Amino acid sequence: MTRDRLYLLPATFADPALPGRDFYCRDCITIDGLLALFPERAAGLDVIRIDYPRPRTAVIDAIGAENQNLPVLLLGDDADPTLADGTHGGQYFVSDLKRLLYALHIRHDFPEAHP
């Protein structure tokens with residue numbers, strides 16, 4: 001994989017276990033806002049929307065069934081592996097929100113999150 005790939009949930013989604021209600025993922029919305037504010041930087045990423053219900057096949061195929069939580073950033077081949085907080089089959093990824101924001105700062109020149 002040559003480019004970073006960012007997996008996010010849709011802006012709103014339904015949970016089959018809680019019918020008739022709409023939800024959003026706090027972490028995904030945070031990332032969505034960052035992407036919307038800096039579209040020229042977001043253009044350097046492959047952003048993929050994954051439906052809420054599990055199993056999330058595209059994520060499983062990339063980083064395993066145990067790593068389906070979103071958002072997750074799969075790092076491109078040229079990435080510094082120390083940015084990652086996980087690996088699966090040689091694929092480095094970042095799933096912790098603070099680390100993910102930092103990786104977007106380092107890899108794609110997004111502004112740095114204030115401590």
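Computation of the quantities below employed the complete heavy-atom set of this structure, encompassing side-chain atoms and omitting hydrogens, waters and symmetry-equivalent molecules. Model, not experiment: these values are computed from the prediction.
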Indicate the atoms forming the closest heavy-atom contact of [X] with [Y], along with that distance.
X: Asn67; Y: His88; value: ND2-CB, 4.4 Å
X: Arg49; Y: Asp32; value: NH2-OD1, 2.6 Å
X: Gln91; Y: Ile63; value: CG-CG2, 3.8 Å
X: Asp85; Y: Ser95; value: OD1-N, 3.0 Å
X: Leu34; Y: Phe110; value: CG-CD2, 3.5 Å
X: Leu70; Y: Val59; value: CD2-CG2, 4.0 Å

Point-to-point distance, once rounded to the nearest 0.5 Å, from CG of Leu104 to CG of Leu6:
6.5 Å
Enter the distance from Leu73:CG to Asp96:CG here, rounded to the nearest 0.5 Å.
12.0 Å
State yes or no: do [X] and [Y] share one hydrophobic cluster built from I, L, V, M, F, W and Y residues joined by side-chain heavy-atom distances below 4.5 Å, directly or via other members?
X: Tyr52; Y: Ile29; result: no
X: Leu97; Y: Leu35; result: yes
X: Ile48; Y: Ile60; result: no

Can you check side chain to side chain contact (heavy atoms under 4.5 Å, CB included) on Val72 and Val94, steps first, answer last?
CA-CA 6 Å; Val72 65; Val94 188; over 6 Å; no
Assess whether a salt bridge exists between Asp78 and Arg3, defined as any Lys/Arg side-chain N lying under 4.0 Å from an Asp/Glu carboxylate O.
no
State whether Arg56 and Asp61 are salt-bridged, where the test is any N-O pair (Lys NZ or Arg NE/NH1/NH2 against Asp/Glu carboxylate O) under 4.0 Å.
no
More than 12 heavy atoms of other groups within 6.0 Å of Asp51 CG:
no
Given side chains that start at C-beta, do those of Pro115 and Lys98 come closer than 4.5 Å, heavy atoms only?
no
Is any side-chain heavy atom of His105 less than 4.5 Å from a side-chain heavy atom of Pro111?
no
Side chain to side chain contact (heavy atoms under 4.5 Å, CB included) between Arg54 and Asn69: does it pass, once the steps are laid out?
CA-CA 10 Å; Arg54 293 180 185 212; Asn69 290 342; 2.4 Å; yes
Could you walk me through whether Arg99 and Leu83 pass the side chain to side chain contact (heavy atoms under 4.5 Å, CB included) test, one step at a time?
CA-CA 7 Å; Arg99 290 185 69 142; Leu83 291 171; 5.8 Å; no
Quick one: do Leu74 and Asp46 satisfy side chain to side chain contact (heavy atoms under 4.5 Å, CB included)? Show the steps, please.
CA-CA 10 Å; Leu74 278 59; Asp46 292 330; over 6 Å; no
May I have the list of side-chain donor-acceptor pairs in residues 7-28 shorter than 3.5 Å, sequence neighbours left out?
from  : atom 1 : to    : atom 2 : distance (Å)
Tyr7  : OH     : Arg5  : NH1    : 3.4
Asp15 : OD1    : Ala17 : N      : 2.9

Quick check against the 3.5 Å criterion: does Arg107 have a side-chain atom that pairs as donor or acceptor with the backbone of Asp4?
no
